[in-house]
Structure formats: C-alpha cells, structure tokens
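Counting starts at 1 for both ligands and their atoms, in listed order.
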Amino acid sequence: MVNSKIQAAEENLLHVYNRFPVVLDHGEGMYLYDADGKEYLDFAAGFAVTGLGYNCKELNEALKDQIDKLYHTSNLYYHESCGEAARELNRVSGMDRVFFTNSGGEAVEGALKSARRYAHTKGSGRFEFIAMENSFHGRTFGAVSVTGHDSYRKPFEPLVPGVRFARFNDLNSVKELVNEKTCAIILEPLQGEGGINLASREFMEGIRALCDENDILMICDEVQCGMGRTGSMFAWQGFGVRPDILTMAKAIGNGIPVGAFAMTKEVAEYSLRAGDHGATYGGNPLACTAVKKVIEIFERDDIVGHVNRVAPYLTRRLDELVKELDCVTGRRGKGLMQGLVITKPLAEVNQRTIEEGLLVIQAQGNVIRFVPPLIVEEKHIDEMIVRLKRALD
Ligand SMILES: *Cc1c(COP(=O)(O)O)cnc(C)c1O
C-alpha cells in the first residue's frame, strides 16, 4: 500500500524534492502519523508553517464553515473577511496596507515590485536591490535573484538585473554597495535556510539609518521568522526596527496557502496602484478566514507569551547537547527558530531522526533546524532531545 503510493509519486511527480520514504496520514497537536500508525514528533512544522500544530479544531471548523459558504470570489469584489483579515494582519505586523498572495515567494515578488514602483513614481531612477549572502527568498525569478546562494541562482541565469550581495551582519559591506541607484535593501531578520543566522541589533539599526538617509526602502522578509516564532509577533518588533515593506507567509495561515506583503502608508502612497499587480486567488475567503482565525487564536491563547516561556528551555537543552556531544559544535537562533551545527553528514542524521520518530529540517552550513509548532511544551522538548541523541549516536 505505502510502496504503491510512493511508486505513484515517483512515477508522476517532477523530481525536485529529495523526499524521505514516509507517507504521512494525519496529525494531532505536536505529532504526525504515517500510514502504518508510526508516530513522529514534529520539530519541523512543515517548514515553520503549522504554528498552531495539527488538527486545531477551532481553525478546522472555521475553515469548513467557510468552504460551505464561499471560497472563491476573485478580487473584482469584496468578501466578508478580506477587510478584517487585512486589518488584523496590519495591526499585528505594524504595517498599514497589505496585499494577500498565495505563497512566500509571491510575497517577495510583490515586495520587490512595490519598491521598484515607489522609485518609478518618485522618478528617482533607483532600481538596484541590495540583498544578503546566505539569504533565501523563494523560487520565483525575482525571489531567486535576491537569494544569496549560487546553487539556487546559477542554473537559471540571467536573473533580474541590478542585484548586489552584501555580507549579513556586516554593515560596512552594505554601505559599500549603496549608491544613487539603490532602490531597496532586503533581508531576513533571522535567516532560515541560510543556517539560522540572527541579525544583530546594530545591523538592523544601521540598515534602517542607511535607508532613511538615502530614501532607500528596507524590506524585511519574515516569511519564516514572522508570526510569533522569535518571541514577538514579527521579528522586526524584537529589534524595534520597522521595515518599509514586510513579507509574510508560512505560519500566517497555519498551512492554508496564504502569504502577504505589506507596507507603510508612506510607501503605499507612491507604490503599486490599480492595474499594477494582482493575484486571481490571492486573499480568497478561505485564506482570509485562516488568517483571521489564526490571529484570533494566537492572541487569545497568548502564543507569543508561550514562545517566550518555553524557548529558554529549548535553548538550554540544545546548549547541553553542544557541551555533551562531540558531533554538535554550536547552537544558533532565537525563540522557537533554532539550529545546531553538527559535524556528521546531515542527510544521514536526518534519516536517523526519522527512524527515531522525530522530524527536523536541514539548513545550510550543516545545521539541524528546529522550528516546532509554537504550541510545543517542555515535555515535547525533553522527548525531542531523547530521540535526537539516539539519532546522533
Ligand atoms: C520559505 C521562504 C520563502 C518562500 O516561500 P514559499 O511559500 O515557499 O514561496 C521566502 N522567504 C523566506 C525567508 C522563506 O523562508
């Protein structure tokens, strides 16, 4: 049964993922179960997506109700929750105007277009982007063009022109690239795919100042690190450095495909206008219901407070592994977005964690990434450590 499902996938899907031979069937809270009923403790959250965990009844009910009512309208019309979802997302993200997309990559595309449109309206002649080494912004052409890793870029060149890469956390390397053509600087406040690298406060503040002095837009890509993961609703709030444009996705719909880019009203005034951008599905009633409900549950259950209570325990337990195990050489990250640097081959370790019933993700730089659902408790962290130690043995 399971083998026939894997075989059908192998024969029919394009081979762009190195999938593990696991056929997942259902989930509950912090756990996923395969078709044979084997349990997996989930510290991956489907790439930092399912912040509220699996089978969140309240969210499921809201989505089911909405499916029966209406789930597509197109953006020629308003629908019941588009305004509310937008208002709530603006409120918690500190932005003023939002556009709903279907993915993170699309959110990044929209952010880049917004910045170019801003420069165009102002007639500034600015069009260049400064992005960071080791960044990841998605797989669409614009997003790949600002992704700071050759392996994502090389096979698809030539890419969007006018992109230059600075070293993350090295303000001078950014300053050296700024000129009268620079339109925007894009960065992840906490790099995910690039190996769990946290921006320093000085770096965030320095970029903000650089942008202010030169009428350059600061774009924060919080597709992965946003929505509670770092201990504030959005990571920028933890630095007190507000971007001009913010991208979001992954956890904002808990797995319903929805992303967003948002901006301040000062940027919106000069940026995209009617006819400049669109998305047929973007912000449909199902996606907006998900966003609205997720934010409601986040606030009512104080998920951000919970992240701040439980994250120090994760940090402590991971630090212990660095001391205890020769093959673990460092810990990185913030909140519930953490990484362990290991010396063993990642693919092998990942295979072993799966055998032990633990899901984690790999990141660049031989890093094991821990991005559990945000409802994780200390007992799950204890259990994760036990399974991880067995896998690293
Ligand atoms: C995952 C990710 C993206 C791309 O999101 P998709 O939904 O896969 O298109 C963009 N930026 C960051 C920081 C991400 O982690």
Would you kindly specify which portion of Phe47 sits under 4.0 Å from ligand 1, judged on non-hydrogen atoms: side chain, backbone, both or neither?
neither

Examine the proximity of ligand 1 to Glu106 and report which part, side chain or backbone, both or neither, has a heavy atom under 4.0 Å away.
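No part of Glu106 comes within reach of ligand 1.
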
Atoms of ligand 1 less than 4.0 Å from His137 heavy atoms?
10 (C), 11 (N)

Note: ligand 1 atoms sitting under 4.0 Å from heavy atoms of Glu188 are 13 (C)

Any Arg139 heavy atom less than 4.0 Å from ligand 1:
no

For residues 257-270, dump all side-chain donor-acceptor pairs below 3.5 Å to protein atoms at least two apart in sequence or in another chain.
from: Thr264; atom 1: OG1; to: Val267; atom 2: N; distance (Å): 3.3

I want to know if ligand 1 touches Glu193 in the polar sense, i.e. an N/O pair below 3.5 angstrom.
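It does not: no N or O of Glu193 is found under 3.5 Å from an N or O of ligand 1.
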
Going by heavy-atom distance to atom 3 (C) of ligand 1, choose the closest among Val223, Asn102, Thr101.
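Going through Val223, Asn102, Thr101 one by one, Val223 has the nearest heavy atom to atom 3 (C) of ligand 1.
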
If you look only at pairs with a residue in residues 219-230, which of them pass as a salt bridge (charged side-chain N to carboxylate O under 4.0 Å, His left out), with sequence neighbours excluded?
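Residue pairs with at least one partner in residues 219-230: there are none.
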
To the nearest 0.5 Å, tell me how far Ile381 CD1 sits from Met30 CE.
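Reported to 0.5 Å precision, the distance equals 8.0 Å.
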
In Å, rounded to the nearest 0.5 Å, how long is the span from NZ of Lys69 to CD of Gln66?
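The NZ atom of Lys69 sits 5.5 Å away from the CD atom of Gln66.
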
What is the ring orientation for Tyr33 with Tyr31, classed by angle as parallel under 30°, tilted 30 to 60°, or perpendicular over 60°?
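The arrangement is tilted - the two ring planes meet at 30° to 60°.
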
